[in-house]
Protein chains: 2
Amino acid sequence: MRSKASPTITTIAEAAGVSIASVSRVFNGLPVRAETERRVLAAADRLGYVPNAVARSLKSNRTQQVAFAVADIGNPVYLAMLREIQPVLKAGGYRLVLHSTGADVGEEIEVLRGLGRRHADGLIISPIRVTGELLREIDGLTAPAVVIGSLPDGARVDNVRADSRTGIDLALRHLADLGRRRIGFVNGPLDTVPGRHRDTAFRAAMARGGLPVDEGLVHVGAFQRDTGFEATRRLLDRSPGPDALLCANDLIALGALDALRAAGRDVPGDVAVVGMDDTELAAVSWPTLTSVSLGSAERGRRAAELLLDRLRTPDTGPPAQVITVAPHLVVRASTSGGDR
Amino acid sequence: MRSKASPTITTIAEAAGVSIASVSRVFNGLPVRAETERRVLAAADRLGYVPNAVARSLKSNRTQQVAFAVADIGNPVYLAMLREIQPVLKAGGYRLVLHSTGADVGEEIEVLRGLGRRHADGLIISPIRVTGELLREIDGLTAPAVVIGSLPDGARVDNVRADSRTGIDLALRHLADLGRRRIGFVNGPLDTVPGRHRDTAFRAAMARGGLPVDEGLVHVGAFQRDTGFEATRRLLDRSPGPDALLCANDLIALGALDALRAAGRDVPGDVAVVGMDDTELAAVSWPTLTSVSLGSAERGRRAAELLLDRLRTPDTGPPAQVITVAPHLVVRASTSGGDR
DNA sequence: ACATCTACCGTAAACGTTTACAGTCGTGCC
DNA sequence: GGCACGACTGTAAACGTTTACGGTAGATGT
């Protein structure tokens, strides 16, 4: 065990017989005489000195931390982002402070305020509901922030978004190519950004493909497995029933697979199933799940890179970038029975 | 946009015509005259003042942050821990700094050193390889830390561990009850803590059950799906082949299921499969996977609670607690074909 | 009228750094 | 020898808070 109070730059200066400025210089790699460096390092080693990052932060006004705020870190989509963001930030010399807000706007606002308190130098946030209050708070930020997920035009903050419109188009085209006509849609809440976008996109894509939307085959619930299960059971009761299901995320799709199996329907023979987000679950389920990848990982990476750019050049730089990540369809067994 | 430099306690004091001490008191809820409070709050509001957390940390010597270090945050086991740890810390008023070290001992040591630099007030770490250097570094810590995963006796740090011995015992007993005798074992690297423990536990449990260990049915690889797939293919080539497989984690078990399906074997008819860790993947696979839960979530929660206790009472308290979380077996379709 | 008490408030020091500025000392050049 | 210069080094101020301490004003009691 070391001495009671941890040694500071002053302790070391005394022990080494130099000034605190010299100690500081040694630890910052500024030029000093070899002899001075030797003595400082010896004293520091002997007394177990470690520089205090808080004091340094106070002077430099930088914490070397970035906050990442999501609704629920258990959600594989956010996890995929996190896995990309973390190494990028680490490489840039920043630590990552994780906030899981439970989709509570109040908590999200707390995180935004935390940025003002200098908890972190920058922020990546992926809000699931974008309220006016949240937008105002974001606009008032003075530190750099990047929002993952679509924002209304005119927001003065960098924005990395998915393109669910194109993504859903890809999925429906694929189903149409397979000859499916009666396509059901199981969605999450319409007051969330993804829910709303996916609903609009579904209707637009159906129209574009010349397919009528049967409201009886459209179900709105939560982004959960239960919803997929219940909704599918209900849709299967209708006649004519669906010959394909588009699910607004992979969890819903897994529930749909459960329900179809329970009802003795063959996938994809009787009903083809497409999920969204292309999470790791899609590769594990049986049958494996065709899924629309909205590029979560890439969105995370781009967001982190964008933020690092902003942090490097604190002058305002270009006004507010919007990056849209292209989606792609990952075809697996639930639509194209061939491969496992 | 606000004025250029963000206002400090001094700015507010001047604007409100009071001293900086009064401003501080208002923001710390210390008693002040109502009129003073009103004026301070008005000035603060008008100028957009927010207290600087770094300066506060410097005075108080507390960052209100806790670091959590794991090998790979993509691993569902660590994710399960994280999901429990995060809310506990948040409730205790601490932010969570996440470190994903890529199983690199050097990086883990960096995190430990970061604690010395006062990046955080405490640390939860789950090292996968426990080297002497790491142990020495942990022993030298001055801030509270909790290690998730087994530590050698005598380590002077709180420790929350799993009980893979009992867990594997449960699994093998279950398989024995189902009449399985030729039990294969696919493990991860033996130089990791879990790998080593699971190897020892497997041999001990087999011995206890009076079952001989056929070395031809034991395979060591990585904790990955590929390993499960390749190992199982190889084990199936032997004759007599296994009638059950114990896999050292769920990913390996998923690979085993793939290989069995590819080989046309019925699960659990021909071969029963048991995974470990009971991750969310186990509930999604087909057939769903019987798995030994080592209580990742509970371990995370207990670790966080333990750390909060230490942080609350900075006096040393009880010397070094060891908590062992009891495992349990979650029986699903891969051993007991009945239910889906 | 005076002492005493209460309730606030302000001054200044401290937390552990970084860094502008000025000082010191030895060297090389005329 | 005197001077300029370069290479280091030290002093002190600053970063934005918290808080110990002492001071002031009014209220209360005698």
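Bear in mind the structure is a predicted one, so any value in this text is a computation, not a measurement. Here is the naming used below: chain letters follow the sequence lines, and residue numbers restart at 1 for every chain.
The backbone N or O of B/Ile73 lies less than 3.5 Å from a partner atom in the side chain of B/Ser100, making a donor-acceptor pair. Of the possible donor and acceptor atoms, one in the side chain of B/Asp139 sits under 3.5 Å from a partner among the backbone N and O of B/Arg156. Under a 3.5 Å cut-off, the side chain of B/Thr192 and the backbone N or O of B/Ile128 do not form any donor-acceptor pair.
For A/Ser19, a side-chain nitrogen or oxygen approaches OP1 or OP2 of D/dG10 to under 4.0 Å. Of the side-chain N and O atoms in B/Ser22, one or more sit less than 4.0 angstrom from OP1 or OP2 of C/dG10.
Separating the CZ atom of B/Arg62 from the P atom of D/dT17 is a distance of 19 Å, rounded to the nearest angstrom. Counting to the nearest Å, the C1' atom of C/dG16 and the OH atom of A/Tyr49 are 8 Å from each other. Spacing between atom CZ of B/Arg56 and atom P of C/dT17 amounts to 21 Å, rounded to whole angstrom units. To the nearest angstrom, C1' of C/dC15 lies 13 Å from CD1 of A/Ile9. For B/Asn61 and C/dT17, the CG to P distance is 11 Å, given to the nearest whole Å. A straight line from CD1 of B/Ile12 to P of D/dT18 spans 13 Å, rounded to a whole angstrom.
Between the OG atom in A/Ser57 and the CZ atom in A/Arg118 there is a gap of 11.0 Å [rounded to 0.5 Å]. Rounding to the nearest 0.5 Å places CG of B/Asp158 at 11.5 Å from CD1 of B/Ile148. For the atom pair CD1 (A/Ile20) and CZ (A/Arg25), the distance works out to 10.0 Å, reported to the nearest 0.5 Å.
Note on A/Glu35 versus A/Arg38: salt bridge recorded, some NZ/NE/NH1/NH2 to OD/OE distance being below 4.0 Å. In this structure, A/Asp309 pairs ionically with A/Arg312, as a charged nitrogen and a carboxylate oxygen lie closer than 4.0 Å.
Take the nearest nucleotide of DNA chain C for B/Ile20 and for B/Leu58: the residue whose nucleotide is more 5' is B/Ile20.
With D/dC15, D/dT18, D/dT11 as the candidates, the nucleotide lying closest to the side chain of A/Lys59 is D/dC15.
Using a 4.0 Å heavy-atom distance criterion, B/Val18 is classed as a sugar-phosphate-only contact.
With a 4.5 Å cut-off on side-chain heavy atoms, A/Ile109 and A/Leu134 count as touching. By the 4.5 Å heavy-atom criterion applied to side chains, A/Glu110 and A/His99 are not counted as neighbours. In this structure, A/Leu82 and B/Leu98 have side chains that are in contact, with non-hydrogen atoms separated by less than 4.5 Å.
Taken over five-pair windows at either terminus, the axes of the helix from C/dA1-D/dT30 to C/dC30-D/dG1 are inclined to one another by 60° (rounded to 10 degrees).
Using a 4.0 Å cut-off on heavy atoms, none of the residues of residues 111-122 of chain A approach DNA chain D. Annotation: proximity of residues 23-42 of chain B to DNA chain D (heavy atom, distance under 4.0 Å) is found for B/Ser24, B/Asn28, numbered in ascending order.
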